[in-house]
Number of protein chains: 2
Amino acid sequence: MISKKTKYGLKALTFLAKQEKGQLVSIATIAKSENIPQKFLENILLGLRKAGFLGSKKGKGGGYYLLKKPEDIKVASVYRILEGPIAMVPCVSLNFYEKCGDCLDEKTCSVHKLMIQIRDSTLAIMENNTLDDFVI
Amino acid sequence: MISKKTKYGLKALTFLAKQEKGQLVSIATIAKSENIPQKFLENILLGLRKAGFLGSKKGKGGGYYLLKKPEDIKVASVYRILEGPIAMVPCVSLNFYEKCGDCLDEKTCSVHKLMIQIRDSTLAIMENNTLDDFVI
DNA sequence: TTATAATCCTACCAATTCAATAGACTTTAA
DNA sequence: TTAAAGTCTATTGAATTGGTAGGATTATAA
């Protein structure tokens with residue numbers, strides 16, 4: 001199960017992807033449209049900006065906008081920022097690899113191979129879907 | 001990311017699947033072999049027994065054993081007991097369906113379709129893998 | 001210049017979940 | 001009768017989740 005943060009983040013990005021290019025949208029607008037608690041969304045968008053997905057303009061009339069074209073923003077990269085690893089187990093994560101405390105040897109770990117299968121199939125979907133696929 | 005509980009549970013089941021049919025194995029043995037905290041494993045196996053995967057025998061010489069053949073125990077069914085929903089979002093879960101609080105209409109939810117794709121691909125793997133596939 | 005509307009930032013909080021531990025119990029075999 | 005096993009319920013500490021609070025800063029427009 002993904003967190004609300006990730007779900008809200010994806011919905012907000014999709015909302016921005018629907019706008020005309022470079023169009024500024026305020027947090028309040030997105031929050032209302034997508035039924036997201038505004039203050040929570042504020043934090044999420046801040047994170048997405050710091051991660052390089054969003055640009056912003058402060059002050060009256062300000063708001064957020066996508067820095068790249070929707071078709072150039074893969075779900076996988078967004079997911080990693082919002083939720084973290086795509087893999088179900090740290091020892092099969094490509095971007096967040098960590099050794100499992102209990103496994104002496106990954107090669108002999110029984111669940112290892114299954115987790116790689118799941119990672120690969122999920123990854124395939126997330127790498128092949130961009131924000132643009134959501135807009136349609 | 002799956003919980004330790006799920007990972008430990010899968011490893012323990014695999015360990016039992018490796019035994020000769022009906023062979024009793026104590027919690028202590030599994031815990032030592034798989035590097036799992038014994039008391040934690042105790043609770044996990046208890047749950048798996050109550051869910052109908054394991055049989056047990058109390059007293060000296062007792063232990064746990066699989067109630068079904070390893071090839072008849074799908075990862076999907078184990079996962080649902082240990083971890084819960086396979087889907088990433090409650091609104092696309094087949095066995096644990098719940099409406100998302102923020103979505104007024106699932107048909108217009110932008111992330112819905114993606115979540116179904118991921119669910120289906122993960123499900124396919126989990127339905128097609130049994131404990132027997134781990135033993136090899 | 002001033003009111004207002006927006007983002008920015010840090011901190012905080014309550015509730016839940018996670019990972020484990022504790023301890024008393026029952027059952028069984030030797 | 002004793003040691004070895006599972007059973008059961010409760011507790012606990014740490015982390016995570018899903019927010020909220022409140023101000024600081026910045027830009028616009030009247």
ILVMFWY network linking [X] to [Y], side-chain heavy atoms under 4.5 angstrom:
{"X": "B:Phe40", "Y": "B:Leu16", "result": "yes"}
{"X": "A:Ile125", "Y": "B:Ile125", "result": "no"}
{"X": "A:Tyr79", "Y": "B:Ile86", "result": "no"}
{"X": "A:Leu123", "Y": "B:Met1", "result": "no"}

Please state how far atom [atom1] in [X] lies from atom [atom2] in [N], giving the value in whole angstrom units.
{"X": "A:Ile27", "N": "C:dC9", "atom1": "CD1", "atom2": "P", "answer": "12 Å"}
{"X": "B:Glu42", "N": "C:dC25", "atom1": "CD", "atom2": "P", "answer": "16 Å"}
{"X": "A:Asn35", "N": "D:dG19", "atom1": "CG", "atom2": "C1'", "answer": "15 Å"}

Side chain of [X], backbone of [Y]: donor and acceptor closer than 3.5 Å?
{"X": "A:Arg119", "Y": "A:Val92", "answer": "yes"}
{"X": "A:Glu83", "Y": "A:Ser3", "answer": "yes"}
{"X": "A:Asp120", "Y": "A:Gln117", "answer": "no"}

Checklist line | Members of residues 87-106 of chain B that approach DNA chain D, where some heavy atom sits under 4.0 Å away | finding: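 DNA chain D contact set from residues 87-106 of chain B: none.
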Item checked: Strand-adjacent residues in residues 47-69 of chain B, judged by heavy atoms under 4.0 Å from DNA chain D ->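 When residues 47-69 of chain B is checked for heavy atoms under 4.0 Å from DNA chain D, the hits, listed by number, are B:Arg49, B:Lys50, B:Ser56, B:Lys57, B:Lys58, B:Gly59, B:Lys60, B:Gly62, B:Gly63, B:Tyr64.
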Check: Testing B:Glu34, B:Gln38, B:Lys39 for side-chain contact (heavy atoms from CB on, under 4.5 Å) with B:Ile36, which one passes?
Finding: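 The option that passes is B:Glu34.
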Item checked: Residue pair A:Val25 / A:Tyr64, side-chain heavy-atom distance below 4.5 Å ->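 Side chain of A:Val25 against side chain of A:Tyr64, heavy atoms only: no contact under 4.5 Å found.
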Notebook entry, point to check: What do the steps show when you test B:Ser93 against B:Glu98 for side chain to side chain donor-acceptor pair (under 3.5 Å), and what is the final call?
Noted result: CA-CA 8 Å; B:Ser93 172; B:Glu98 257 177 78; over 6 Å; no
Next item on the list: Select base, sugar-phosphate, or nothing to describe what A:Leu45 touches, counting heavy atoms under 4.0 Å on all strands.
Entry: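 Touches nothing.
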Filtered N/O pairs between nucleotides 18-21 of chain C and protein, under 3.5 Å:
{"unit_1": "C:dA19", "atom_1": "OP1", "unit_2": "B:Lys4", "atom_2": "N", "d": "3.4"}
{"unit_1": "C:dA19", "atom_1": "OP2", "unit_2": "B:Lys4", "atom_2": "N", "d": "3.1"}
{"unit_1": "C:dA20", "atom_1": "OP2", "unit_2": "B:Tyr8", "atom_2": "OH", "d": "3.2"}
{"unit_1": "C:dT21", "atom_1": "O4", "unit_2": "B:Asn43", "atom_2": "ND2", "d": "2.9"}

